[in-house]
Asks: 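Right, I'll just put the structure down here and ask away after.
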Amino acid sequence: MRFSQMFIPTLKEIPKDAVLASHQLLLRAGYIQQVGSGIYNFLPLGKKMLDSIRALIKEEMDSIGAQEVLMGFVTPAELWQESGRYGQYGKELLRLKDRKDNEFVLGPTHEEMVTHIARSFIKSYKQLPLHLYQIHTKFRDEARPRFGLMRAREFVMKDGYSFHSSYEDLDREFAQVEQAYRRICERLGLAYKVVEADSGAIGGSGSKEFMVLANCGEDTLVVCKSCEYGANLEAAKRKPRQSPKDEGKYGAQAPKAAFGEFFTPGVSSIESLCEFFKIHPFFTIKAVVKKAVRESQAEGSRGDIVVFFVRGDDECEETKALNVLNAITDEPYLALENASTELLESMGLKAGFIGPIGLEGVRYILDEGLRDARGMITGANKQDYHLIGVDVSEFRELQEAHYADIIKVQEGDLCPHCAKELCYAKGIEVGHIFKLGEKYSRQMEARFLDHTGRAQNLIMGCYGIGVTRLLPAILEQKSDEFGCVWGEGVRIFDVVIILSNIKDSEQMAYATHLYEELMARGIDVLLDDRDERFGFKMKDFELIGAYQALIIGKALGEGKVELIKREGLQKRVIDANDALDSVLESSSVPKNNAHTNTRSANAK
Ligand code: ATP
Ligand code: MG
């Protein structure tokens, strides 16, 4: 392409509401245009980069035997009603009606649609395994679309779904997809971490996220400083604590007291309780009261009160808490919200004095770290009173209570695998792979006949990559103060040829000849033929982030030109006679496709 003919509407000003560097760059360099909240147009450069990323992902998916399909973006609501998600999915699901009043949803994900394909055509175990994927538009009516393509409402995802006749075969596919995803991240030159992820209420062993490490990431990761362990904070585990992790204000000794009720007037926070008794918060039981809401209840309704008990020096992790709750409830809750003091009081709960002993009329769950806790202090469910000397295992009601891991892992906690220290990191979730099992096939009656002729539910896995999210994710890691940097794996142009003076006929002849030679070999080349200052053209090269620039200046007279690689901006003076070979050498076009028996493109 010739620059003068390309549509690259770069901006001089930094767009006001773009806070992330990647968002600013994509707008400034003319890749995208915002048209509404979370909705973007892809301009030629944006589309070009999207296509490069898409092609790389396709290569890796095809290499593991997955087959590309294209499913309807507009999905009949009946499929979502069958799976049960029509009511459960919440407001992110955009529901709409056609002129005949038929209901549809704009697909935020395609498990229902693909399960429909499977049940229509898969009859026998002989047709398994099968892995179908698409690279297509999704719509999620996100509550807070932000950061440009990072969290859009309309975005492109690679979503793949596999079908199996056994769980072992699902495990095999899952591992294979993990490897393919790792190769994608590596080819994109990303610093990333594969972490254990929240599996939702479905449970199951397998859900992993691919996190691009970046300070702007919205996810907090728990990472072991010593071994490979990594998990999303929502799913992170730690080695159980047997004692306080520090001395605290009052030492790490367990308080010694016989069981009894103690008058603690106005002592309603963990902090004041510890001060009152001069103890470490490890020996107190904290009540975290939440309002669990279902979609149907979301507005105006009270929801159901649930109390989560954790040690005083722990926090309750909401996603874990919600999953645990949903695992023991028939109809799942959508979210946990804070419960107001008024609401607690209307339920007869004494805010600040709530404890698990003698707590009636509300559902409660204890953290598993409390199961054998001794010498604890907890609310007495009576205004201004606490219970002291509580050995949890001695109370029948607590023996029968529900225990689960609901704590938020803290920095400095110990790794569940190697017992070394854990720390936090920030990550951008670019991929998520998931063992679905029979969730959708059971609901939607997608069955196959096994080798004994018995009908079984199809066993499924699902695998997503945020294709449009990868653009900002790459830029967050690689871009510099001059503009976009894409690295080796995906390129906007293999080379941009920049003339210092387009009026110099020698320079122009050399450049045009080289340009044509490169074009003829399928190299993605841009000739900057604009009648602009050299500095201006260099700035555009840096801003749009072409892989490298070939600079043709006065030195052409001595047979020299310059190659500048965008990543790192290293310069290399080369012989003008070698320019073609140098560019071919570093191009992304497979070597056997580029003809090598070339005359060199010397204009002299
Ligand atoms: P998040 O936690 O960031 O909201 P998610 O867990 O809801 O993402 P998945 O359902 O796992 O997302 O979707 C698979 C992939 O799609 C994600 O890993 C992410 O890369 C991408 N993705 C999800 N939501 C968005 C969005 N609003 N904008 C851009 N990409 C998205
Ligand atoms: Mg996810």
Side-chain angles (χ1 to χ4, degrees), residues 20 22-23 26 32 34 36-40 42 46 50 53-54 57 61 85 88-94 106-114 133-161 174 177-178 181-182 184-185 188 190 192-202 204 206-214 216-221 231-235 318-319 322-323 334-335 426-436 439-440 461-476:
L20 288 192
S22 57
H23 188 192
L26 289 170
I32 57 171
Q34 180 162 6
S37 168
I39 302 176
Y40 294 86
F42 280 70
L50 187 62
I53 296 175
R54 187 190 194 289
I57 293 173
M61 297 323 295
R85 283 208 291 187
Q88 290 164 10
Y89 205 87
K91 292 192 173 159
E92 281 184 20
L93 184 66
L94 191 68
L106 286 190
T109 173
H110 277 70
E111 283 82 1
E112 283 79 359
M113 200 72 125
V114 80
Y133 76 97
Q134 63 172 349
I135 299 177
H136 199 21
T137 302
K138 295 276 177 279
F139 191 91
R140 294 183 183 178
D141 199 358
E142 297 271 353
R144 290 178 61 214
R146 60 192 179 279
F147 306 146
L149 300 182
M150 200 78 96
R151 182 165 301 283
R153 294 198 296 166
E154 186 181 293
F155 58 98
V156 177
M157 197 200 285
K158 187 292 291 179
D159 48 328
Y161 308 87
F174 186 84
V177 177
E178 177 178 342
Y181 275 34
R182 283 179 184 271
I184 291 168
C185 291
L188 292 173
L190 293 167
Y192 71 102
K193 179 110 191 147
V194 184
V195 300
E196 289 174 18
D198 162 40
S199 300
I202 311 159
S207 169
K208 290 188 181 178
E209 284 166 343
F210 289 72
M211 293 286 184
V212 169
L213 300 171
C216 70
E218 292 184 275
D219 285 87
T220 301
L221 317 180
N232 194 313
L233 183 57
E234 294 176 347
E318 248 177 53
T319 305
L322 181 64
N323 289 343
L334 257 192
K426 286 286 180 190
I428 301 168
E429 181 194 320
V430 294
H432 194 171
I433 58 176
F434 204 101
K435 291 181 189 171
L436 283 175
K439 181 179 155 80
Y440 293 91
C462 76
Y463 320 97
I465 293 186
V467 184
T468 42
R469 185 178 278 183
L470 273 168
L471 278 86
I474 297 170
L475 290 180
E476 284 300 325

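The chain is numbered in sequence order, starting from 1. Order of appearance sets the numbers: ligands from 1, and atoms from 1 within every ligand.
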Asks: Looking at Phe174, does the NZ or CZ of Lys435 lie under 6.0 angstrom from its six-membered ring centre and within 45 degrees of the ring axis?
Replies: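 Positive - Lys435 is close enough to the ring of Phe174 and near enough to its axis.
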
Asks: May I ask you to list the atoms of ligand 1 that are less than 4.0 angstrom from any heavy atom of Gly431?
Replies: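 Going through ligand 1 atom by atom, the ones under 4.0 Å from Gly431 are 18 (O).
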
Asks: Indicate yes or no: at least one non-hydrogen side-chain atom of Leu93 is less than 4.5 angstrom from one of Asp141.
Replies: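 Side chain of Leu93 against side chain of Asp141, heavy atoms only: no contact under 4.5 Å found.
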
Asks: Of all the heavy-atom pairs spanning Met157 and Gly464, show the shortest one and how long it is.
Replies: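 So the two residues come closest at SD-CA, 4.3 Å.
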
Asks: Need the ligand 1 atom indices (1-based, order shown) with element for anything under 4.0 Å from a heavy-atom of Val430.
Replies: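 Result: 18 (O), 20 (O).
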
Asks: For Glu209 and Ser207, does a side-chain donor sit closer than 3.5 Å to a side-chain acceptor?
Replies: no

Asks: For atom 15 (C) of ligand 1, what's the nearest protein heavy atom and its distance?
Replies: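 That would be Gly466 N, 3.9 Å.
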
Asks: With heavy-atom distances below 4.0 Å as the criterion, list the atoms of ligand 1 near Arg140.
Replies: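 Those qualifying, in numeric order: 5 (P), 7 (O), 9 (P), 10 (O), 12 (O), 13 (O), 23 (C), 24 (N).
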
Asks: Identify which of Lys138, Glu234, His432 has a heavy atom lying nearest to atom 11 (O) of ligand 1.
Replies: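 Selected option, by shortest heavy-atom distance: His432.
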
Asks: Could you check atom 29 (C) of ligand 1 against the protein and tell me its nearest heavy-atom contact, residue, atom and distance included?
Replies: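 Among all protein heavy atoms, the one nearest atom 29 (C) of ligand 1 is Met150 O, 3.4 Å.
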
Asks: So for ligand 1, is Asp219 a polar contact partner (N or O within less than 3.5 Å, distance only)?
Replies: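 No - when backbone and side-chain N and O of Asp219 are compared with those of ligand 1, no distance drops under 3.5 Å.
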
Asks: Starting from atom 19 (C) of ligand 1, which protein heavy atom do you reach first, and at what distance in Å?
Replies: Arg469 NH1, 3.4 Å

Asks: For Asn323 and Asp198, test the side chains for any donor-to-acceptor distance below 3.5 angstrom and give the result as yes or no.
Replies: yes

Asks: Can you figure out which of Glu209, Arg151, Glu429 has its heavy atom closest to atom 3 (O) of ligand 1?
Replies: Arg151

Asks: Could you check atom 22 (N) of ligand 1 against the protein and tell me its nearest heavy-atom contact, residue, atom and distance included?
Replies: Phe155 CE1, 3.6 Å

Asks: For ligand 1, which atoms, with element, lie under 4.0 Å from some heavy atom of Ala152?
Replies: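 Those qualifying, in numeric order: 26 (C), 27 (N), 28 (N).
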
Asks: Give a yes or no on whether a salt bridge exists between Glu111 and Lys439, defined as a side-chain N under 4.0 angstrom from a carboxylate O.
Replies: no

Asks: Which of the numbered atoms in ligand 1 are under 4.0 angstrom from any heavy atom belonging to Met157?
Replies: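 So the atoms of ligand 1 that pass are 13 (O), 14 (C), 16 (O).
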
Asks: Do Ile465 and ligand 1 have an N or O pair less than 3.5 Å apart?
Replies: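 No; the residue has no nitrogen or oxygen that sits under 3.5 Å from a nitrogen or oxygen of the ligand.
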
Asks: Would you mind checking if Lys208 and Glu178 are paired as a salt bridge, meaning a charged N to carboxylate O distance below 4.0 Å?
Replies: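 Yes.
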
Asks: Report the protein N/O/S neighbours of the Mg ion (ligand 2) that fall below 2.8 Å; do not count waters.
Replies: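 The answer is Glu429 OE2, His432 ND1.
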
Asks: With a cut-off of 4.0 Å, which atoms of ligand 1 are near a heavy atom of Leu149?
Replies: 29 (C)

Asks: Are the side chains of Glu476 and Leu20 in contact, using a 4.5 Å heavy-atom criterion?
Replies: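 In contact.
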
Asks: What do the steps show when you test Phe210 against Ile433 for side-chain contact (heavy atoms from CB on, under 4.5 Å), and what is the final call?
Replies: CA-CA 8 Å; Phe210 289 72; Ile433 58 176; 4.0 Å; yes

Asks: Should you measure from each heavy atom of Glu142, which atoms of ligand 1 turn up under 4.0 Å away?
Replies: 24 (N), 26 (C), 27 (N)

Asks: With the threshold set at 4.0 Å, does a side-chain nitrogen-carboxylate oxygen contact exist between Arg151 and Glu142?
Replies: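 Yes, Arg151 and Glu142 are salt-bridged.
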
Asks: Contact between Arg85 and Thr109 at the side-chain level, heavy atoms closer than 4.5 Å - yes or no?
Replies: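 With C-beta onward as the side chain, the pair touches.
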
Asks: Less than 4.5 Å apart, side chain to side chain, heavy atoms only: is that true for Asp159 and Lys138?
Replies: yes

Asks: Identify, with sequence neighbours excluded, every residue that meets ring pair (Phe, Tyr, Trp, His ring centres under 6.0 Å) alongside Tyr192.
Replies: none

